[in-house]
There are 2 protein chains.
Amino acid sequence: MPVTMREVAQRAGVSVKTVSNVVNGYPYIREATRSRVIEAIDALGYQMNISARSLRASRTGIIALAVPELRMPYFAELSEAVIRIARENDLTVLIEQTGAERERELALLSSARGHLVDGVIFSPLALGADDADRLNVPFPMVLLGERIFRGPVDHVSIDNVAASREVVRHLISNGRRRIALIGMISHEGVGTAALRFQGYLEALAEAGLAPSPELVLPAGPWNRSAGAEATNRLLDSGVEFDAVFGLNDTLALGALRALLSRGIRVPNDVAVAGFDDIEETRFSTPTLTTVDPGRDQIARTAVELLVSRMKGQNDEVRPREIFADYALHPRQSTGEPLTG
Amino acid sequence: MPVTMREVAQRAGVSVKTVSNVVNGYPYIREATRSRVIEAIDALGYQMNISARSLRASRTGIIALAVPELRMPYFAELSEAVIRIARENDLTVLIEQTGAERERELALLSSARGHLVDGVIFSPLALGADDADRLNVPFPMVLLGERIFRGPVDHVSIDNVAASREVVRHLISNGRRRIALIGMISHEGVGTAALRFQGYLEALAEAGLAPSPELVLPAGPWNRSAGAEATNRLLDSGVEFDAVFGLNDTLALGALRALLSRGIRVPNDVAVAGFDDIEETRFSTPTLTTVDPGRDQIARTAVELLVSRMKGQNDEVRPREIFADYALHPRQSTGEPLTG
DNA sequence: TTGTAAGCGTTATCAT
DNA sequence: ATGATAACGCTTACAA
């Protein structure tokens, strides 16, 4: 039922190969021929059969984006950017949700979706430095995030230590001295939490402040609920504090909610800051101070690195480590005047 | 480089067809043969070439989900559900963002991604009733949302009039009399806004309350920013009101923010309610009263309808109109005690 | 229960 | 500048 190249060729009075040439932008075609072919294509409503092309050319024009969960605002926003930028590169994006489960992240690496995708942008949450070797996969891949550094593939991330340090410096410059940190994952020496924690420690040290273990709160999944719970634990413990740094925005928003619902004023009594600059931070009450990790730049860099690997031009180039630019956005929750 | 069926067959000492049979679960195979084949598959790390299968069998195992924007929390959460449920049905999901642009929504209908997808779940935002005919596409499709009813394809939605009526009834039962509505799109007689507006009018009528045109506020894109702006306009107009109904949650959250930042207490001075039950509504301050439109049920129904059409068993069945169950969730923003 | 042969729609090679 | 022909890896008759 669908129209094939053969039919287009017949109607245009040319061979299949010529149609193929026209479709693929092969330059050496007489203008007359080209327009006859294009007419036939339009008239018949021809649509290239991607499966056939893929089988023959062994590329599909599809890339996979593997993220933990689309419900996490950061990953929804990241996915939006990757899809948009992939489109600019004539690529279609297939999203895999790993649920942050180790098994599913590993499965992703060994399957590669049966030759279906030309490359993968992978944002792991369960795999860690020990698994770096497993990233030696037989297809182009770009790694995101802070779980694995110096692995065998191109990697895009930001300088989490520096970014986190800036947040805490900002809190300190606002007069805060007892800064709680929410979202610690203590059994991990690496990863996002560890890096942001290090930035926190460095900023405290710079200011001559001693870190207090009771101000460092673990929080399970990094969502609003865990942020609220941790904050309530902190409040119940009776420990004094004048600021909360949520290791991501949803934790911070949960903290905000817990504080306000116990009658604590933000930023007057306690300042709150987060990390990620998700859209919601500009619309919470008060608006949330946070760090923009340069989502668009990350997405664009990742797609471009992947494309260059897919083209196979850089086979000799060693894995690249790219750091995107971050930017602190002071907002109401830390006592700044209203801003965008 | 990749392993083919041929190689598996050679190693197992059988024909390609037998390997194919094993892979596809064809029942009449001797156990000995089957296990030899499976061994070979494991040993060689064989991965089916999906392009080849698709070309031959003309199905890919991929469905497309077309949504306006992944950054809109409702659609992020819907996509998460569709991907998860599609997985249960051995389907992979490819997400198309239409940007709510008419051109791109139309393009989607005429391309169908070049035979790449076996079916499409389409949530339009720009197309309307007049475009119903265009849904007569040569591939299985399931329609979501409130833009087009009684079109030529299966359709999943909820009873928006009834759901909206319940929200407003709830506000009235809490003693509210001057209920503002934010998010009206006045030039449209159909679609989500029109239906929810009708529910609003019906609930007012039931209670013997006269609708006031100055309480009905248009809002452009349904996001936080538009919700906040509209609320500020309302406040500046000097019109009295004791409740705000945002036609979706992000509008309501924007309203909440505008109210609180002008020192208006919620729910004491003004009650606020939204629509969609996005995760954030459970973590705002105060938590937001809203309607759960049954996202999981919508996703599941959509996938199941699509699968049944893809199997071609229901070719004779007329387009089905399915309504998912909604549920009102009263929370703090309308004066209820704290709930989940 | 398993094998043989044909062909899905495209692109690559090699002519012309 | 264009055409003929052979793959690509799999499934589907049909045979055996």
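Worth saying up front: this structure is predicted, and the values here are computed from it rather than measured. Numbers restart at 1 for each chain; the letters A, B, ... are given by sequence-line order, proteins then strands.
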Q | Residues in side-chain hydrogen bond (donor to acceptor under 3.5 Å, both in side chains) contact with A:Glu103, at least two apart in sequence or another chain | A | none
Q | Interatomic distance where CZ belongs to A:Arg53 and P belongs to D:dC10 [whole Å] | A | 21 Å
Q | 5'-most by nearest nucleotide on DNA chain C - B:Gly13 or B:Ala52 | A | B:Gly13
Q: Provide, to the nearest angstrom, the distance between the CD atom belonging to A:Gln10 and the C1' atom belonging to C:dG9.
A: 14 Å
Q) Salt bridge between B:Asp131 and B:Arg147, side-chain N to carboxylate O under 4.0 Å? A) no
(Q) B:Arg56: which residues meet the side-chain hydrogen bond (donor to acceptor under 3.5 Å, both in side chains) condition with it, sequence neighbours left out? (A) none
(Q) Whole angstroms only, please: what is the CD1-C1' distance between A:Ile50 and D:dC8? (A) 16 Å
Q. Is there side-chain contact between A:Arg295 and A:Leu78, with at least one heavy-atom pair below 4.5 Å?
A. yes
Q | C:dG3 OP1/OP2 closer than 4.0 Å to side-chain N/O of B:Thr18 | A | yes
(Q) Going by the rule side-chain contact (heavy atoms from CB on, under 4.5 Å), which residues pair with A:Ser15 if we only count those two or more places apart in sequence or in a different chain? (A) A:Lys17, A:Thr18
**Q.** DNA chain C-proximal residues of residues 22-38 of chain B, any heavy atom under 4.0 Å
**A.** B:Tyr26, B:Tyr28, B:Ile29, B:Arg30, B:Thr33
**Q.** Rounded distance in Å - CZ (A:Arg6) to P (D:dT5)
**A.** 12 Å
Q. Which pair of heavy atoms, one from A:Asp118 and one from A:Met310, lies closest together, and at what distance?
A. O-CG, 3.6 Å
Could you go over nucleotides 13-16 of chain D and give all protein N or O partners under 3.5 Å, atom names and distances?
none

**Q.** Results of side-chain hydrogen bond (donor to acceptor under 3.5 Å, both in side chains) for A:Ser20 - residues two or more places apart only
**A.** A:Asn24
Q | B:Arg56 side-chain proximity, nearest of D:dT11, C:dT11, C:dG9 | A | D:dT11
Q: Go through the structure and list residues passing ring pair (Phe, Tyr, Trp, His ring centres under 6.0 Å) with A:Phe149, not counting sequence neighbours.
A: A:His155
Q. C:dC8 C1' sits how many Å from B:Arg59 CZ, rounded?
A. 15 Å
**Q.** Nearest-angstrom distance from the residue atom CD of B:Gln47 to P of D:dG9
**A.** 15 Å
**Q.** B:Glu31 and B:Arg34 ion-paired at < 4.0 Å
**A.** yes
(Q) As a test of reading the structure: which of D:dG9, C:dT2, D:dG3 is closest to the side chain of A:Ser15, going by heavy atoms? (A) D:dG3
**Q.** Counterpart residues, side-chain contact (heavy atoms from CB on, under 4.5 Å), relative to B:Ala126 (two or more places apart)
**A.** B:Arg102, B:Glu105
(Q) On a heavy-atom basis, which atom in B:Val156 and which in B:Thr301 lie closest, and how many Å separate them? (A) CG2-CG2, 4.0 Å
Q) Using the C1' atoms of the five pairs at each end, what is the angle between the end axes of the helix from C:dT1-D:dA16 to C:dT16-D:dA1, to 10°? A) 30°
Q. What residues form a ring pair (Phe, Tyr, Trp, His ring centres under 6.0 Å) with A:Phe323, not counting sequence neighbours?
A. none
Q | side-chain contact (heavy atoms from CB on, under 4.5 Å) partners for B:Ala86, two or more places apart | A | B:Ile63, B:Leu91, B:Val93
(Q) Side chains of A:Arg53 and A:Ser58 only: does a donor on one sit below 3.5 Å from an acceptor on the other? (A) no
**Q.** Spacing of B:Leu55 atom CG relative to D:dT12 atom P, expressed in whole Å
**A.** 12 Å
Q. If you check every side-chain atom of B:Asn49, which of D:dG3, C:dT11, D:dG9 has the closest atom?
A. D:dG9
(Q) I need the residues from residues 39-46 of chain B with at least one non-hydrogen atom less than 4.0 Å from DNA chain D; give them sorted by number, or say none. (A) B:Tyr46
Q: Let me know the distance between CG of B:Asn21 and P of D:dG9, rounded to the nearest Å.
A: 20 Å
